[in-house]
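See below for the structure under consideration.
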Amino acid sequence: MFIYRTLQYAIAFIWIANGLFCKILNLVPRHTQIVATILHTPYARVITGGIGFSELLMAMWIISGIKARLAAVTQMIIIAVMNIIEFLLVPELLLWGRLNIIFAFLLIGLIYYHQFILHKKIC
């Protein structure tokens with residue numbers, strides 16, 4: 001149970017860090033650049049803030065434990081789609097370039113393990 005809860009909060013913290021620090025507070029302006037380049041819009045900063053807010057909502061959903069499997073599937077889809085789009089359209093703006101996709105799929109694997117393997121072991 002301790003490992004399950006620790007992973008639950010660690011995954012939520014990833015969403016908080018990316019949403020609040022990187023996007024809302026704009027401590028990593030590259031995120032706004034990615035949105036601007038992909039969407040070709042002058043409103044990239046506002047959209048990036050909205051994405052950040054959505055990531056905070058995701059963190060709250062994860063911590064709440066409500067419909068945890070749906071939350072896990074939603075996270076895995078969002079992470080996969082977002083990273084595939086970035087891999088194809090803006091690899092030069094990613095922290096590790098095209099290697100970012102490896103870290104994305106490792107996170108997807110961790111989310112899957114947390115909710116669909118570890119959860120079964122503790123129940």
Side-chain angles (χ1 to χ4, degrees):
M1 189 61 154
F2 173 76
I3 294 171
Y4 179 82
R5 288 282 181 226
T6 301
L7 282 177
Q8 181 178 8
Y9 286 108
I11 293 165
F13 178 75
I14 291 168
W15 288 99
I16 291 167
N18 278 285
L20 179 62
F21 301 117
C22 297
K23 294 181 180 82
I24 293 173
L25 297 177
N26 200 31
L27 297 178
V28 183
R30 180 173 27 86
H31 289 270
T32 300
Q33 264 187 297
I34 290 168
V35 171
T37 303
I38 291 173
L39 298 180
H40 307 288
T41 177
Y43 304 106
R45 182 69 208 109
V46 174
I47 294 168
T48 304
I51 293 168
F53 181 74
S54 297
E55 290 177 337
L56 293 179
L57 293 176
M58 179 66 76
M60 290 190 295
W61 186 12
I62 294 164
I63 292 168
S64 78
I66 297 169
K67 296 196 181 270
R69 287 180 179 242
L70 179 59
V73 170
T74 302
Q75 290 174 77
M76 292 186 290
I77 291 169
I78 289 170
I79 293 166
V81 169
M82 175 188 66
N83 279 276
I84 290 168
I85 290 169
E86 292 171 345
F87 179 89
L88 295 172
L89 300 179
V90 291
E92 70 282 357
L93 294 176
L94 301 175
L95 184 58
W96 295 293
R98 291 190 192 269
L99 293 177
N100 256 42
I101 205 151
I102 293 170
F103 297 102
F105 283 100
L106 287 172
L107 178 58
I108 290 169
L110 179 66
I111 293 165
Y112 179 85
Y113 172 77
H114 173 257
Q115 193 55 50
F116 295 96
I117 296 173
L118 190 58
H119 186 261
K120 281 184 181 181
K121 288 181 181 180
I122 64 171
C123 289

Please list every donor-acceptor pair under 3.5 Å in which a side-chain atom of residues 73-80 meets a protein atom from a residue at least two apart or in another chain.
unit_1	atom_1	unit_2	atom_2	d
Thr74	OG1	Leu70	O	2.7
Gln75	OE1	Trp15	NE1	2.9
Gln75	NE2	Ala71	O	3.2

Other cluster members, Ile63 - Ile/Leu/Val/Met/Phe/Trp/Tyr, side-chain contacts below 4.5 Å: Tyr9
What I want to check is whether the side chains of Arg30 and Gln33 have a donor and an acceptor closer together than 3.5 Å. no
Minimum-distance pair of heavy atoms, taken over all atoms of Asn18 and Cys22: O-CB, 3.2 Å
Might you work through the side-chain contact (heavy atoms from CB on, under 4.5 Å) test for Leu56 and Ile24, ending with a clear yes or no? CA-CA 10 Å; Leu56 293 179; Ile24 293 173; 3.5 Å; yes
Of the non-hydrogen atoms in Ala12 and Ile62, which two are nearest, and what is the gap between them? CB-CG2, 4.1 Å
Atom pair CG/CD of Leu110 and Gln115 - distance to nearest 0.5 Å: 11.5 Å
Quick one: CD1 on Ile11 to CD1 on Ile111, what's the gap to the nearest 0.5 Å? 5.0 Å
Among all residues two or more places apart in sequence or in another chain, which pass the salt bridge (Lys or Arg N to Asp or Glu O under 4.0 Å) test with Glu86? none
Is it the case that more than 12 heavy atoms not belonging to Phe13 sit under 6.0 Å from its CZ atom? no
Same cluster for Leu107 and Leu94 if Ile/Leu/Val/Met/Phe/Trp/Tyr side chains link at under 4.5 Å? yes
Pairwise distance CG(Leu20) to CG(Leu25) - rounded to 0.5 angstrom: 4.5 Å
Using side-chain heavy atoms (C-beta onward) and a distance below 4.5 Å, is Trp96 in contact with Ile102? no
In this structure, would Trp61 and Phe116 fall into the same cluster of hydrophobic residues linked by side-chain contacts under 4.5 Å? yes
side-chain hydrogen bond (donor to acceptor under 3.5 Å, both in side chains): pairs with one or both residues in residues 98-112, sequence neighbours excluded: none
Mind checking whether Ile51 and Val81 sit in one hydrophobic cluster, side chains of I, L, V, M, F, W, Y counted as touching below 4.5 Å? yes
Residue pairs passing the side-chain hydrogen bond (donor to acceptor under 3.5 Å, both in side chains) test with at least one member in residues 42-53, sequence neighbours excluded, are Thr32-Arg45
If you round to the nearest 0.5 Å, how far is CD1 of Ile101 from CZ of Phe87? 5.5 Å
Below 4.5 Å, heavy atoms only, C-beta onward: do Ile85 and Ile38 meet side chain to side chain? yes
Between Val35 and Val28, is there a shared hydrophobic cluster once you connect ILVMFWY residues whose side-chain heavy atoms come closer than 4.5 Å? no
How long is the straight-line distance from NE2 of His31 back to CD1 of Ile47, given to the nearest 0.5 Å? 15.5 Å
Could you grab the distance from atom CZ of Phe103 to atom CG of Asn83, nearest 0.5 Å is fine? 11.5 Å
Please state whether the rings of His114 and Tyr4 are parallel, tilted or perpendicular, taking 30° and 60° as the class boundaries. parallel
Can you establish whether the number of heavy atoms outside Leu88 located under 6.0 Å from its atom CG is more than 12? yes
Write out all pairs satisfying side-chain hydrogen bond (donor to acceptor under 3.5 Å, both in side chains) with one or both partners inside residues 51-60, taking only residues at least two apart or from two chains. Lys23-Glu55
Shortest non-hydrogen contact from Ile16 to Ala59? CG1-CB, 3.4 Å
